[in-house]
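Worksheet: the structure to be examined is printed underneath.
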Amino acid sequence: MLHLVNKSPFERNTLEACLKRAPKGSSILLYEDAVYAALQGTTLSAAMTQAAKTHDIYVLTPDLTARGLDGASILEGVRPVDYDRFVDLTADKGTVQSWL
Amino acid sequence: MLHLVNKSPFERNTLEACLKRAPKGSSILLYEDAVYAALQGTTLSAAMTQAAKTHDIYVLTPDLTARGLDGASILEGVRPVDYDRFVDLTADKGTVQSWL
Amino acid sequence: MKYAILVNEGPFNHQASDSAYQFCKHALQKGHEVLRVFFYYDGVLNGTKHSAPQADDRNIVKRWSQLGKDYHLDLAVCVAAGLRRGITEEVVAPGFRITGLGQLVEAGIDADRTIVFGD
Amino acid sequence: MKYAILVNEGPFNHQASDSAYQFCKHALQKGHEVLRVFFYYDGVLNGTKHSAPQADDRNIVKRWSQLGKDYHLDLAVCVAAGLRRGITEEVVAPGFRITGLGQLVEAGIDADRTIVFGD
Amino acid sequence: MSAESDNSAEPKVKRFMYVNRKAPHGTVYALEVLEMVLISAMFEQDVHIAFLDDGVFQVKKGQNPAVLEMKDFSKTYRALEGYGIEKVFIEKESMEERGLSADDLIIPVEVIGREELGALMESMDVVLSA
Amino acid sequence: MSAESDNSAEPKVKRFMYVNRKAPHGTVYALEVLEMVLISAMFEQDVHIAFLDDGVFQVKKGQNPAVLEMKDFSKTYRALEGYGIEKVFIEKESMEERGLSADDLIIPVEVIGREELGALMESMDVVLSA
């Protein structure tokens with residue numbers, strides 16, 4: 001299963017809601033404002049580093065670029081993907097659930 | 001000053017954002033989905049009871065009624081008001097700030 | 001008191017427009033003045049004449065038009081935000097007018113209180 | 001893969017419509033099929049022909065129409081959600097059609113993947 | 001898993017889940033999800049409804065949005081059974097966090113633990129959320 | 001406090017604050033607040049702009065929404081000074097929580113503490129937020 005999260009974890013509870021239910025080993029793609037969750041040096045970085053050990057966490061590169069963030073500012077263990085890989089993930093991982 | 005908060009504190013950070021900045025003694029009105037912040041017996045009740053000691057906290061009755069909540073389910077120290085009192089509060093408390 | 005009201009969200013999807021309406025209605029009934037209701041962001045969507053909700057639901061657009069008529073309210077829809085979202089002269093509902101964003105600032109200057117209803 | 005796409009939010013106010021568009025474009029370019037793009041909730045607002053954003057901005061409505069034309073996409077606007085929000089036959093943009101909510105369920109049955117873009 | 005390569009003459013029956021995470025009335029999502037659920041009943045699919053996070057407030061007893069001139073759709077949840085929709089779940093932890101118990105609910109629903117809900121979600125073919 | 005009973009011939013000058021709490025690009029609010037700010041400059045009011053919470057990301061350097069075919073309005077913040085808008089504040093705690101420093105910002109802004117920002121908000125006549 002592929003979980004999609006699109007809101008900033010500083011503003012909304014959707015990423016937390018997803019992490020509470022998504023079984024270990026499932027995949028989570030952060031896109032739109034959720035890409036801020038993948039940043040180094042924030043109050044959430046430690047929790048996200050942990051989450052990346054139990055889940056496959058991806059982050060959408062064009063949404064990072066749009067916001068002035070680059071690969072170097074991203075937490076280790078979070079995998080940058082472009083839109084083509086986003087499409088591949090939806091094909092490869094089974095049912096897609098959006099956490100809205 | 002009167003602060004307005006309209007989102008559920010379980011979903012968004014607006015009430016927390018307001019409480020972090022609103023000086024002690026200022027007034028906060030909870031309306032729309034923010035009325036859930038005034039409920040007894042939730043994981044936020046203790047924090048809200050504390051907040052009601054440093055700020056004047058009001059909750060909009062029609063928004064409670066719409067959601068199946070009544071005065072008996074509301075935290076002590078939070079003051080129920082109707083729309084007429086909402087209007088009065090905006091007149092009495094000075095500038096109005098909406099936390100969106 | 002003289003009020004300026006800013007509505008940030010469209011009808012139905014968010015309660016913001018309902019709350020703004022209830023606030024205006026009660027303020028007017030208490031004898032206060034509402035200098036202008038300004039519709040910005042998705043708020044411009046309150047100004048479409050094509051909204052036709054189910055019979056057992058409130059008609060948010062008509063209700064604004066009626067309140068505007070009853071109290072001679074200025075229901076101002078932002079032209080730039082409206083253009084983005086397809087709220088133009090062709091679709092604007094009775095009692096609403098399309099105007100510039102400066103009118104929001106003006107209302108904020110003239111009013112005793114400016115209140116924002118949003119998401 | 002056969003995709004069904006659900007768009008929950010209108011143009012500009014939320015990125016949801018942009019993301020859905022980018023996803024569809026890339027999926028189609030990779031040779032996948034998009035069985036239907038269904039516009040529900042405020043998503044119906046993507047279907048207005050009156051949207052006219054500034055020249056230096058993307059035109060989200062026209063872009064959907066063009067993608068629909070290029071790939072023979074079914075751009076389906078929910079009739080009930082559209083009525084609430086003023087998206088009716090009078091204003092619907094080229095390439096979009098107004099239809100019932102059942103068409104979303106049908107698309108979900110026929111597609112390999114259903115993906116929701118929202119707020 | 002989904003019936004990707006199902007080319008048989010059997011009508012497809014997929015596992016649909018409607019996920020409700022938002023409070024009612026502050027936004028229209030609860031109402032419009034319900035309209036979607038009712039229509040989905042006509043398609044003879046394996047329909048599941050889940051209430052979690054603030055979505056549990058959607059099935060709170062005693063709602064009266066008429067005081068705000070808003071539509072009272074909460075009674076419609078009672079009609080779900082009549083439409084043959086019986087797989088209705090509410091998350092235990094979400095209720096507890098919000099001080100709700102089964103007695104507070106407008107309809108009887110199956111109370112399910114967080115982990116179990118996560119596993120149920122994983123078993124779906126189509127997940128629709130708002 | 002507000003100029004409630006100001007009947008003099010002097011033009012009214014009010015203290016306006018535009019509050020930015022939301023990240024850019026995920027929603028349009030940042031862009032449309034900026035359009036509002038630029039227009040307000042024509043009215044010779046005492047304009048303040050505050051960036052706090054996720055709003056601090058609005059003035060992050062190096063934004064390039066063109067990769068998503070979206071409008072790049074971040075450069076417009078640099079024009080504020082030319083419009084005579086000089087009271088631009090960013091909250092220190094919000095930056096720290098998000099791992100940002102003054103070097104990351106597209107324009108020089110006054111870094112202000114949380115408590116001080118709360119007091120500044122209290123001193124306004126009109127607060128516009130989105």
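Here the structure is a predicted model, which means the values were calculated and not measured. Letters A, B, ... are given to chains in the order of the sequence lines, protein chains preceding strands, and every chain is numbered from 1.
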Between Asp104(E) and Lys61(E), is there a side-chain N and carboxylate O pair less than 4.0 Å apart? no
Checking heavy atoms, do the side chain of Val127(E), its backbone, both or neither come under 4.5 Å from chain D? backbone
Going by residue number, which parts of residues 72-106 of chain D are within reach of chain E, meaning a heavy-atom gap below 4.5 Å? Ala80(D), Ala81(D), Arg84(D), Arg85(D), Leu101(D), Gly102(D), Leu104(D), Val105(D), Glu106(D)
Any donor and acceptor pair, going by atom type alone, linking the side chain of Gln45(E) with main-chain N or O of Phe43(E) inside 3.5 Å? yes
Are the aromatic rings of Tyr3(D) and His32(D) close, with centres under 6.0 Å apart? yes
So, do Tyr41(D) and Tyr29(E) have ring centers that fall under 6.0 Å from each other? yes
For the pair Phe117(D) and Phe23(D), name the ring-plane relationship: parallel under 30°, tilted 30 to 60°, perpendicular over 60°. tilted
Partner chain E: residue of Asp110(D), Ile109(D), Leu6(D) with the largest heavy-atom pair count (under 4.5 Å): Ile109(D)
Arg114(E)/Glu97(E) under salt bridge (charged side-chain N to carboxylate O under 4.0 Å, His left out): CA gap, chis, key distance, verdict: CA-CA 12 Å; Arg114(E) 186 159 279 170; Glu97(E) 288 160 6; 3.1 Å; yes
Could you check whether the rings of His25(E) and Phe73(E) sit parallel, tilted or perpendicular, using 30° and 60° as the cut-offs? tilted
